[in-house]
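Worksheet: the structure to be examined is printed underneath.
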Amino acid sequence: MLNNDITIEQIESWLRETDEQKLKQLWDKADAVRKANVGDAVHLRGLIEVSNYCVRQCTYCGLASDNKDMTRYRMNADEIFACAQEAASYGYGTVVMQAGEDYGIESQWLADIVKRIKDNLPLAVTLSMGERPFEDLQHWRSAGADRYLLRFETSDTKLYKLIHPPLPRQTTDRFEILHHLKQLGYETGSGVMIGIPGQTFTTLAKDIHTFRKYDMDMVGVGPYIANPLTPLEQNGLNHEIAAKDQVKNTEMMTYKVIALTRLVCPESNIPSTTALATINKKSGRELGLSRGANVVMPNVTPVEYRTKYEIYPGKACLNETAKQCQGCLAARIASIGRTIGTGYGSRN
Ligand code: 5AD
Ligand code: FES
């Protein structure tokens, strides 16, 4: 049975399903729930990759501070504002400013940029700046930021610790931060990677259930993409921590997770992510949108910077300009009979 009261056990059994006929029922149900709850509009969020500096050491991520093979950059305020202007000129309703956890991004500096965008452009502002202190989150919210994204990456606390070495003398709890964000009045988004080494089917089913438990306004999921420049891939850690019941980081698994997320969170904004588009450049975006997703995050970062924001290799749209992505996505969305959203595209 497929309904919103789907249990963790039922989610897990769908994750294990391989019968194409049965899976077709899942895609159809997710698409119907998407249509009934958030409609046919696909909301576009212009992604600005503001800085690739990061103090953290997440073992799967190319931005981790130990990666010396990366040229670091931080955009300046005028460059960021120009990207926001370009996003607004394409009719996008939101900009997402994303960076590594970069304390070179000072609280007041970012607050001023948020305020400048909110005062001058018809845009919602989403931030994705990592585990910043509560005061910073509060400051940016007061400056006008509307939304914040912080993926919890896995609901398995042991696996979380294994792949997220803490900063010295500091422990953080992403669920506590997500709770704070909600209290501050941010629309709050989270998500996980699919097929990260150590992830079992049971863990992934719990992750999906957790999206609903925390009533996430936005949920972003994408396949784990091995990055040879990370500790996880460099010294065999991936094999060492792989679970007996390891989930594979496949395209099919990604669609299952998108569809199941739509069933448990009918009203959430769910993107068809860049990581999915990376493993199927031809039709990943469209298939994500047809199996539960209702958002796309076109990159508006200048090409000179986006090529340096290398979380994982082979990222989709690496050498395309913001203008090219805009045209490309408009055509893709039209090809599946959907429309482009207007306005902020907030959660209803
Ligand atoms: N493959 C796929 N996604 C990744 N992320 C980080 N590293 C990788 C990788 N190697 C995701 C994380 C993070 C988001 C910004 O990118 O889930 O929250
Ligand atoms: Fe960037 Fe298609 S979305 S080229």
Side-chain angles (χ1 to χ4, degrees), residues 42 44-47 49-52 54 56-64 67 70 90 92 96-102 126-131 148-154 160 163-164 174 177-178 189-197 199 207 218-234 237-238 249-251 253-254 257 271-286 288-289 295-301 303 306 309-335 340:
V42 176
L44 300 178
R45 326 288 204 199
L47 176 66
E49 294 159 333
V50 168
S51 158
N52 69 354
C54 190
R56 307 304 290 252
Q57 292 301 346
C58 305
T59 55
Y60 47 82
C61 179
L63 305 194
N67 182 2
M70 169 163 282
Y90 299 143
Y92 300 169
V96 179
M97 287 190 260
Q98 187 176 79
E101 196 168 306
D102 173 16
T126 303
L127 300 177
S128 177
M129 296 283 148
E131 299 178 20
Y148 203 97
L149 301 176
L150 181 70
R151 290 188 180 179
F152 61 78
E153 313 293 2
T154 174
Y160 184 86
I163 58 179
H164 297 90
R174 289 201 178 183
I177 302 174
L178 288 166
S190 199
V192 298
M193 283 171 287
I194 296 153
I196 185 88
Q199 182 183 64
D207 293 346
M218 304 166 281
V219 182
V221 296
Y224 166 67
I225 299 172
N227 183 338
L229 298 175
T230 58
L232 196 48
E233 297 300 325
Q234 260 171 359
L237 188 61
N238 50 358
N249 57 343
T250 59
E251 189 186 348
M253 192 59 71
T254 305
V257 177
S272 184
T273 55
T274 303
L276 172 58
T278 297
I279 61 169
N280 178 354
K281 294 197 166 77
K282 194 163 163 278
S283 57
R285 292 266 195 216
E286 292 89 325
L289 289 171
V295 166
V296 176
M297 297 166 65
N299 206 322
V300 294
T301 314
V303 171
R306 75 168 77 181
Y309 200 82
E310 218 181 354
I311 294 181
Y312 49 76
K315 203 169 76 168
C317 307
L318 202 59
N319 293 299
E320 267 74 25
T321 62
K323 176 101 198 100
Q324 284 170 320
C325 288
Q326 189 251 334
C328 169
L329 286 173
R332 286 175 190 263
I333 291 165
S335 80
I340 293 181

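Counting starts at 1 for both ligands and their atoms, following the listed order. When reading the values below, keep in mind they use all heavy atoms of this one structure, side chains included, and skip hydrogens, waters and symmetry mates. Numbers here simply count residues along the sequence, with the first being 1.
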_Side chain proximity check, Glu320 to Cys328, heavy atoms < 4.5 angstrom_ = no
*Does even one non-hydrogen atom of Ala226 get within less than 4.0 Å of ligand 1?*
no
*Residue portion contacting ligand 1 (non-hydrogen atoms closer than 4.0 Å) for Tyr60*: both
_Taking Phe152's backbone N and O only, do any of them form a donor-acceptor pair with Ser190's side chain (distance below 3.5 Å, no angle check)?_
yes
*Identify the closest protein heavy atom to atom 3 (S) of ligand 2: which residue and atom is it, and at what distance?*
Cys317 SG, 3.4 Å
*For atom 4 (S) of ligand 2, closest protein heavy-atom neighbour*: Glu320 CG, 3.4 Å
*Which is closest to atom 3 (N) of ligand 1 in terms of heavy atoms, Glu153, Met193, Glu233?*
Met193
*Under a 4.0 Å N-O cut-off, is there an ion pair linking Glu49 with Arg306?*
no
*To which protein heavy atom is atom 15 (C) of ligand 1 closest, and what is the distance rounded to 0.1 Å?*
Gln98 NE2, 3.9 Å
_Less than 4.5 Å apart, side chain to side chain, heavy atoms only: is that true for Asn299 and Tyr309?_
no
*Where's the contact between Cys58 and ligand 1, heavy-atom distance under 4.0 Å: side chain, backbone, both or neither?*
neither
*asked:* Between Glu131 and Arg174, does any side-chain N to carboxylate O distance fall below 4.0 Å?
replied: yes
*Give the residue, atom name and distance (to 0.1 Å) of the protein heavy atom nearest atom 6 (C) of ligand 1.*
Ile311 CG2, 3.1 Å
*Got an N/O contact under 3.5 Å between Arg151 and ligand 1?*
yes
_Ligand-side contact atoms (ligand 1) for residue partner Cys61, heavy atom cut-off under 4.0 Å_ = 7 (N)
*Is a donor on one side and an acceptor on the other found under 3.5 Å between the side chain of Ser128 and the backbone of Gln98?*
no
*Is a side-chain donor or acceptor of Asn227 paired with a backbone partner of Glu233 at a separation under 3.5 angstrom?*
no
*Under 4.5 Å between any side-chain heavy atoms of Tyr90 and Leu44, yes or no?*
no
*Within the stated cut-off of 2.8 Å, is an N/O/S atom of Cys328 closer than that to atom 1 (Fe) of ligand 2?*
no
*Write out the residue and atom name of the closest protein heavy atom to atom 2 (C) of ligand 1, then the distance separating them to 0.1 Å.*
Pro223 O, 3.2 Å
*Identify the protein heavy atom lying closest to atom 1 (N) of ligand 1, giving its residue, its atom name and the separation to 0.1 Å.*
Ile225 N, 2.9 Å
_If we ignore hydrogens and angles and just use 3.5 Å, is the side chain of Asn67 paired with the main-chain N or O of Gly62 as donor and acceptor?_
yes
